[in-house]
Every structure is written in structure tokens, then in C-alpha cells.
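We use all heavy atoms of the structure for the numbers below, so side chains are in, but hydrogens, waters and symmetry mates are not. In what follows, every chain begins at residue 1, and chains take the letters A, B, ... in the order their sequences are listed.
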Amino acid sequence: MSSKKKDLGVTPLSEDVSAWYNEIVFKAELADRGPAKGTMVIRPYGYTMWEILQRELDQRFKDTGHVNAYFPLFIPESYLHREADHVEGFSPELAVVTHAGGKELDEPLVVRPTSETVIGEMYSRWISSYRDLPVLINAWNNVVRWELRPRIFLRTTEFLWQEGHTAHANEADAMAETLQMLDVYAEFASTVAAIPMVEGEKTPGERFAGAVRTYTIEGMMRDGKALQSGTSHYLGTNFAKAFDITYTDENNAVQPVHTTSWGMSTRMIGAVILAHGDDQGLVLPPRMAPIQIVIIPIGRDEGGAAALDKAEELANELKAAGVRVHVDSRDASPGFKFNDWELKGVPLRAELGPRDLEAGHVLVAHRVGELDDKGRPVKEQIPFAEFVERVPTMLDAYHQFLLDRADAFREENTSVVDEWGAFADQVSTGFALAFHCGRPECEDDIKAETSATPRCIPTHGEDADGTCIRCDTPSAYGKRIIFGRAY
RNA sequence: CGGGCUGUGGCGCAGUUUGGUAGCGCACUGCGUUUGGGACGCAGGGGUCGCCGGUUCAAAUCCGGCCAGCCCGACCA
């Protein structure tokens with residue numbers, strides 16, 4: 001049994017998170033490795049999650065007044081050099097095209113690692129008056145950053161994302177935009193992905209190359225590590241000055257615009273995998289699940305055929321009610337299918353066999369929930385007449401359950417610490433709330449000793465004063481900041 | 001890019017020490033029996049042993065180089 005289970009299953013998450021993550025990505029058919037180093041193929045099951053994320057986020061962008069556009073993949077190399085910090089930050093990971101059309105190019109083209117520079121160039125052409133502001137544009141695209149240590153979804157050489165780029169008349173408007181979009185990300189993560197996020201500002205050492213202030217949402221994964229899941233930057237007038245993006249104000253004075261940029265990527269899929277998964281495989285939050293409920297008809301011959309008919313009838317009604325449902329009519333045993341869909345993280349499973357047909361109900365089990373004395377999910381009998389109406393309610397309740405569970409997990413693994421020894425222990429399993437002096441060298445020292453980094457200065461943290469957890473000099477932030485190991 | 005480990009049918013592995021005509025489990029194909037927690041029987045198909053070169057009568061096995069993957073660091077959405 002155990003050896004059989006081992007052959008068929010995956011390395012338990014509780015045993016080895018890295019091995020579990022790699023196996024689950026392949027076995028659940030989310031993605032595969034591409035032939036070139038660091039590239040990934042997103043398979044239909046994984047891509048459907050991306051499509052759902054896109055739809056949900058895009059709606060939120062539109063609701064907050066943004067419009068979509070597309071900017072080019074290739075950027076003249078010189079553009080990157082116009083903003084000093086920006087090049088410095090990105091040049092180590094640029095892919096550069098030097099030859100094309102059978103000859104060497106006059107000027108190399110970089111494959112965009114992000115689009116601040118091309119967009120800056122275009123905004124300088126489009127903006128001339130305060131009447132043109134704000135400009136609120138988002139782009140869905142792919143970017144390339146030459147990563148030394150790729151991991152599917154978490155860090156790939158090419159990844160999909162959206163990058164919002166806005167231009168405003170003054171700092172206050174741009175800052176309001178920056179913080180608004182951070183809230184959009186946090187709300188999305190909680191409402192759709194069932195992941196509670198800590199919102200906060202990055203310390204100077206962790207700031208985006210070229211930004212004045214960088215904000216982040218940080219989620220806690222099942223192993224207590226942090227994952228930066230979305231970022232929003234106030235770029236000040238740095239790019240306005242580098243690309244001459246200016247406007248004439250009401251008093252006929254020429255002013256630089258204040259810009260922002262904000263992004264969420266396919267890494268968010270990795271966050272969903274790592275925030276909810278368990279030893280049996282994926283656990284998908286219902287609002288991101290490609291399949292929200294799978295119906296498994298049981299039995300063969302007449303009984304089986306009748307079960308299949310009824311399953312399809314119920315599935316059609318669920319579809320009409322807006323539920324993503326799948327009927328598994330494969331020629332495989334029920335037990336195999338149960339395990340298969342559990343591996344794939346489908347939130348609800350309905351079983352429907354001759355006995356249920358007779359009794360007029362289906363048996364519904366939750367992917368994560370109460371277990372019976374055999375350690376199997378409790379199955380609830382739901383009469384046919386109530387089924388279609390109850391599924392959406394059950395999905396909502398299950399969403400809430402996963403969110404609460406993730407929230408409780410984060411609470412349990414977050415502690416206030418004021419002593420160095422306790423700090424080192426705490427960051428090995430979760431988040432530490434501690435005072436810090438704010439010096440980048442001290443951050444480096446902490447990282448060298450514990451592999452933990454400052455994740456953020458939490459927006460909702462309480463005001464407090466103290467001395468640095470590492471070097472005892474006064475705290476720089478007026479509150480405790482969050483440290484943790486990160487993906 | 002540094003340090004460690006690993007490359008053998010789709011997946012997981014044995015075989016490498018001591019060179020001698022490539023094997024197991026799962027998956028796959030066909031037929032039959034099965035179907036309420038990873039079914040069974042019979043019959044099949046599939047591998048230039050990561051790549052290149054060397055030693056040898058003979059290389060998965062020994063030697064050199066390269067490539068890829070994983071883990072730990074540095075970089076990062």
C-alpha cells in the first residue's frame with residue numbers, strides 16, 4: 001500500500017516542499033519545462049487559471065478607470081540607459097538582440113524586462129497639457145529577465161504579466177494611484193485567490209530600480225516563506241526627467257509628470273499552489289479553479305449509463321448557473337478518478353452511482369474539509385432538487401474556509417521578536433515582526449546570518465519605537481517591519 | 001555565476017564498483033473480465049543508456065570535455 005501510494009502519488013508537501021512543488025506542477029498538468037533554459041510551457045489547466053486571473057484583474061483595472069494598450073517587445077538599448085538606477089538594476093538580466101535579418105544591428109535591441117522606458121518615450125509624445133492627465137494605461141504582455149535560478153511560475157526567464165503605467169500632474173495624485181492599485185491587488189488576492197496579503201512598503205534596499213517608493217503585497221506560503229505577489233511603484237519624476245515627459249499646467253508653467261507602475265505576474269499562480277496545497281496535491285480556491293466541481297458517474301451497463309445521463313443533465317444545469325463543471329466519463333475506476341481530481345485540486349466532487357440515482361441524491365465531498373474515520377473526505381447527500389442551487393453556496397463557503405485557514409496559518413507563524421536568537425528561530429518557520437535601523441548593510445548582514453530579508457514595512461502596522469533587532473541602533477520606520485525568508 | 005548531487009523507454013528506478021549483445025514497476029496499445037477510494041488476466045509496442053570525443057577486440061559501465069536538471073548561496077515579478 002505505502003509503496004504503491006508512493007509510486008502513484010507525489011512527494012508529501014510536509015516532507016519536501018521543493019520536490020512537492022516541482023512534481024505537482026507537472027503531474028497536475030499546470031505547466032511543463034520549455035526546451036530553452038528557464039522557459040515554461042503553460043498547459044491548458046494552468047493557462048485557464050491565468051485567464052481567470054486576467055479576467056478578474058482586468059475588470060478591476062477597468063473599474064478604476066484604466067484602459068489597455070500594447071507596447072513593443074523590442075526596445076533600443078540606449079533607452080534603458082536613460083534612467084541610471086533603472087539600467088543598473090536590470091542590465092544583469094537583459095536579453096539583447098544584436099543580429100537580425102542576417103546582419104548585425106546598428107543598435108542592439110533589448111527584449112523588454114519591463115516597459116517603463118518605451119512607455120516613457122511614448123508618454124512624452126502624448127502628453128503636453130494638464131488636460132491630458134492623468135494617463136491610465138495597462139498592458140498585458142510577456143517580459144524577459146535572464147534568471148540564474150529559474151523555477152516554474154515563481155521565476156522564469158520569460159513570464160506573463162500585466163504592467164500598469166500611469167502619469168499624473170503631481171505627487172499626491174500619483175501616490176493615490178500607487179496605493180489604490182496595491183489595494184486592488186490585495187483585494188484580488190483575498191477575494192479570488194483566497195490568499196491574505198500583507199500590504200506594505202519595501203525598504204530602500206528592496207526597491208524597484210528607478211522607483212522612489214515601492215509597495216508590495218506579501219503572502220505566506222505553506223512552508224512559512226514569503227512570496228512577493230504584486231508590486232506597485234511610485235516613480236516620482238525619475239522617468240519624466242529621463243524621457244522628458246512634461247506638461248504645461250494651468251499657469252502656463254512646464255512641469256514634469258509623476259508616474260507610477262504596477263504589476264502582477266504568472267508568479268501569482270505559484271502563490272496559489274504554494275499557499276493552499278497539501279500532501280494530496282493541489283488545493284485550488286474555487287474562484288480560480290478551472291473546474292469548480294467534478295461529477296463522477298459510477299457503475300456500468302444500464303446503471304452506469306443512467307448515472308452518466310443524470311450527471312450530464314445536472315452538469316448542464318450547473319453550467320447555466322455559471323458554475324465551471326466537468327463530468328468525468330473516462331473509462332477508469334472511481335477510486336482512480338477521486339485521487340486524480342484531488343491531485344488537481346478541484347474544490348468539490350460529486351459522486352453519482354446507481355444507489356444515489358435510486359435515492360435521488362448526489363454525494364458531495366470537499367477537497368479540503370472534514371474527514372471520516374477512514375481519513376477520507378466526509379460525503380454529504382444532496383437531493384437532486386437542491387443540488388444546482390446549493391453548489392454556488394458551497395463554493396463560496398469553501399472559498400471562505402480556505403481564506404480563513406490561510407489567515408490563521410499566517411497568524412500562527414508570525415511573531416513579534418525583540419531578541420536576536422528568537423529572531424533567527426522565527427524566520428526559519430515564518431514571519432518576524434521586528435525593529436530595524438534601516439541601513440542596507442545591516443539588512444545584508446541579517447540576510448547573511450539568517451537568509452531572511454525585510455519583506456515590507458506593513459501599511460497597517462502599529463506605530464512603535466525600539467532599537468534594531470541586529471545592531472541595536474534606533475528603529476528607522478516608526479513601527480516594526482516584517483522579516484522572512486522569501487521565494 | 002560559485003559549492004554539492006543527478007542524467008538509463010512517457011514517469012520512477014536497478015544495472016556502473018569488477019567493461020561482454022539493456023532490465024523492473026507504473027504508464028501506453030489490443031482483446032476479455034471489472035467499476036461506491038489508485039481493478040485484473042492474456043498478448044503487444046516503445047530506449048543510438050544527456051551530448052561529443054578518447055581508451056579497448058568490446059563501453060550504460062573506464063577517461064576527458066560539454067550540456068541539462070535539482071538542492072544550497074548571490075540576483076529577482
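- Between the P atom of B/G37 and the CZ atom of A/Arg355 lies a distance of 8 Å, rounded to the nearest Å.
- Stacking of A/Phe336 onto the six-membered ring of B/G37 is not present when judged by under 5.5 angstrom between centres and under 30° between planes.
- Across all strands shown, A/Asn22 has heavy atoms under 4.0 Å from sugar-phosphate atoms exclusively, and none from any base.
- Nucleotides B/G54 and B/G44 have their C1' atoms positioned 40 Å apart, rounded to a whole Å.
- Applying the 3.5 Å distance criterion, the base of B/C76 shares no donor-acceptor pair with the side chain of A/Arg145.
- Residues passing the side chain to side chain contact (heavy atoms under 4.5 Å, CB included) test with A/Asp328, sequence neighbours excluded: A/Val294, A/Ile296, A/His326, A/Arg330, A/Lys337, A/Trp341.
- With distances taken from any side-chain atom of A/Asp331 to the nucleotides B/C75, B/G37, B/U34, the minimum falls on B/U34.
- For the C1' atom pair drawn from B/U55 and B/G9, the interatomic distance equals 29 Å after rounding to whole Å.
- B/G41 sits 11 Å from B/G25 when the P atoms are compared, rounded to a whole Å.
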Find every protein N or O atom lying less than 3.5 Å from an N or O atom of nucleotides 1-11 of chain B, and list the pairs.
none

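- Straight-line distance between the P atoms of B/U16 and B/A60: roughly 14 Å, to the nearest whole Å.
- No side-chain donor-acceptor contact under 3.5 Å links A/Thr156 to the backbone of A/Ile152.
- If you check every strand for non-hydrogen atoms under 4.0 Å, A/Pro297 touches nothing.
- Atom P of nucleotide B/A77 and atom CD1 of A/Ile273 are separated by 19 Å, given to the nearest angstrom.
- Scored by the side-chain hydrogen bond (donor to acceptor under 3.5 Å, both in side chains) test, A/Thr157 finds no partners at all (sequence neighbours excluded).
- Atom pair A/Glu147:CD and B/G73:P shows a separation of 16 Å (rounding to whole Å applied).
- For the side chain to side chain donor-acceptor pair (under 3.5 Å) test with A/Thr214, the passing option among A/Gln228, A/His233, A/Arg207, A/Glu206 is A/His233; the others fail.
- Of the two residues contacting RNA chain B, namely A/Gly335 and A/Lys447, the nearest-nucleotide position lying further toward the 5' end is that of A/Gly335.
- Within the 4.0 angstrom heavy-atom criterion, base atoms lie near A/Gly353.
- Within 4.0 Å of A/Ser261, counting heavy atoms only, lies no atom of the nucleic acid at all.
- Each of A/Arg33 and A/Phe159 has a nearest nucleotide on RNA chain B; the 5'-most of these lies closest to A/Arg33.
- In this structure, A/Arg485 contributes its side chain and A/Ser428 its backbone to a donor-acceptor pair below 3.5 Å.
- Remark: B/C1 base-pairs with B/G73. Criterion, Watson-Crick or G-U wobble with two distances under 3.5 Å.
- As the counterpart of B/G46, no nucleotide is assigned, since no Watson-Crick or G-U wobble pattern has both distances under 3.5 Å.
- Side-chain atoms of A/Arg349 come within donor-acceptor range of the base of B/G37, with a qualifying N/O pair under 3.5 Å.
- For A/Trp146, the CH2 atom counts as loosely surrounded, since its 6.0 Å shell holds 12 or fewer non-hydrogen atoms of other residues, nucleotides or ligands.
- A/Arg267 places its CZ atom 5 Å from the C1' atom of B/A77, with the value rounded to the nearest Å.
- The local environment of CD in A/Glu370 is sparse, with at most 12 non-hydrogen atoms from other residues, nucleotides or ligands closer than 6.0 Å.
- For the C1' atom pair drawn from B/G20 and B/A58, the interatomic distance equals 7 Å after rounding to whole Å.
- Remark: the separation of the P atoms in B/G64 and B/C70 is 26 Å, to the nearest Å.
- Across all strands shown, A/Ala332 has heavy atoms under 4.0 Å from base atoms, whether or not it also approaches the sugar-phosphate.
- Side-chain atoms of A/Glu342 and base atoms of B/G37 include a donor and an acceptor less than 3.5 Å apart.
- Looking at A/Lys337, its side chain has no donor and acceptor atom pair within 3.5 Å of the base of B/G36.
- Nucleotide B/C11 forms a pair with B/G25, judged by Watson-Crick or G-U wobble geometry with both contacts under 3.5 Å.
- Comparing atom distances between the A/Asn339 side chain and each of B/G36, B/A77, B/G37 picks out B/G37 as nearest.
- Nucleotide B/G73 holds its C1' atom 16 Å from the OH atom of A/Tyr487, rounded to whole Å.
- For A/Arg485 and B/C72, the CZ to P distance is 9 Å, given to the nearest whole Å.
- A distance-only check finds no donor-acceptor pair linking the side chain of A/Arg455 to the backbone of A/Ala486 [under 3.5 Å].
- Taking atom C1' on both B/C13 and B/U18, the two are 22 Å apart, rounded to the nearest angstrom.
- Annotation: cation-pi geometry not satisfied between A/Arg145 and A/Phe90 (NZ/CZ under 6.0 angstrom from ring centroid, within 45° of ring axis).
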Item to check | A/Ser115 vs A/Glu163, side-chain hydrogen bond (donor to acceptor under 3.5 Å, both in side chains): CA-CA, chis, key distance, verdict | outcome: CA-CA 8 Å; A/Ser115 303; A/Glu163 43 178 327; 2.6 Å; yes
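- With a cut-off of 3.5 Å on both Watson-Crick or G-U wobble distances, the partner of B/C40 is given as B/G32.
- At the heavy-atom level, A/Ile296 lies nowhere under 4.0 Å from the strands shown.
- Among the atoms of the strands shown, base atoms are found under 4.0 Å from some heavy atom of A/Glu351.
- A/Glu93 places its CD atom 16 Å from the P atom of B/A74, with the value rounded to the nearest Å.
- Residue side chain A/Ser333 does not reach the base of B/A39 through any donor-acceptor N/O pair under 3.5 Å, judged by distance alone.
- For the P atoms, the distance from B/A43 to B/U6 is 38 Å, rounded to whole Å.
- Using a 4.0 Å heavy-atom cutoff across all strands shown, A/Lys379 reaches at least one base atom of the nucleic acid.
- With hydrogens and angles ignored, no donor-acceptor pair closer than 3.5 Å exists between the side chain of A/Asp340 and the base of B/G38.
- Figure legend. B/G64 is base-paired to B/C52; pairs are counted as Watson-Crick or G-U wobble with both atom distances under 3.5 Å.
- Using N1 to N3 plus N6-O4 or O6-N4 for Watson-Crick, or N1-O2 and O6-N3 for G-U wobble, each under 3.5 Å, B/C57 pairs with B/G20.
- We find that A/Arg82 and A/Glu116 are not joined by a salt bridge, their nearest charged nitrogen and carboxylate oxygen being 4.0 Å or further apart.
- A/Arg330 comes within contact range of no nucleotide atom at all, as no heavy-atom separation falls under 4.0 Å.
- The nearest whole Å value for the distance from the CD atom in A/Glu302 to the P atom in B/U34 is 13 Å.
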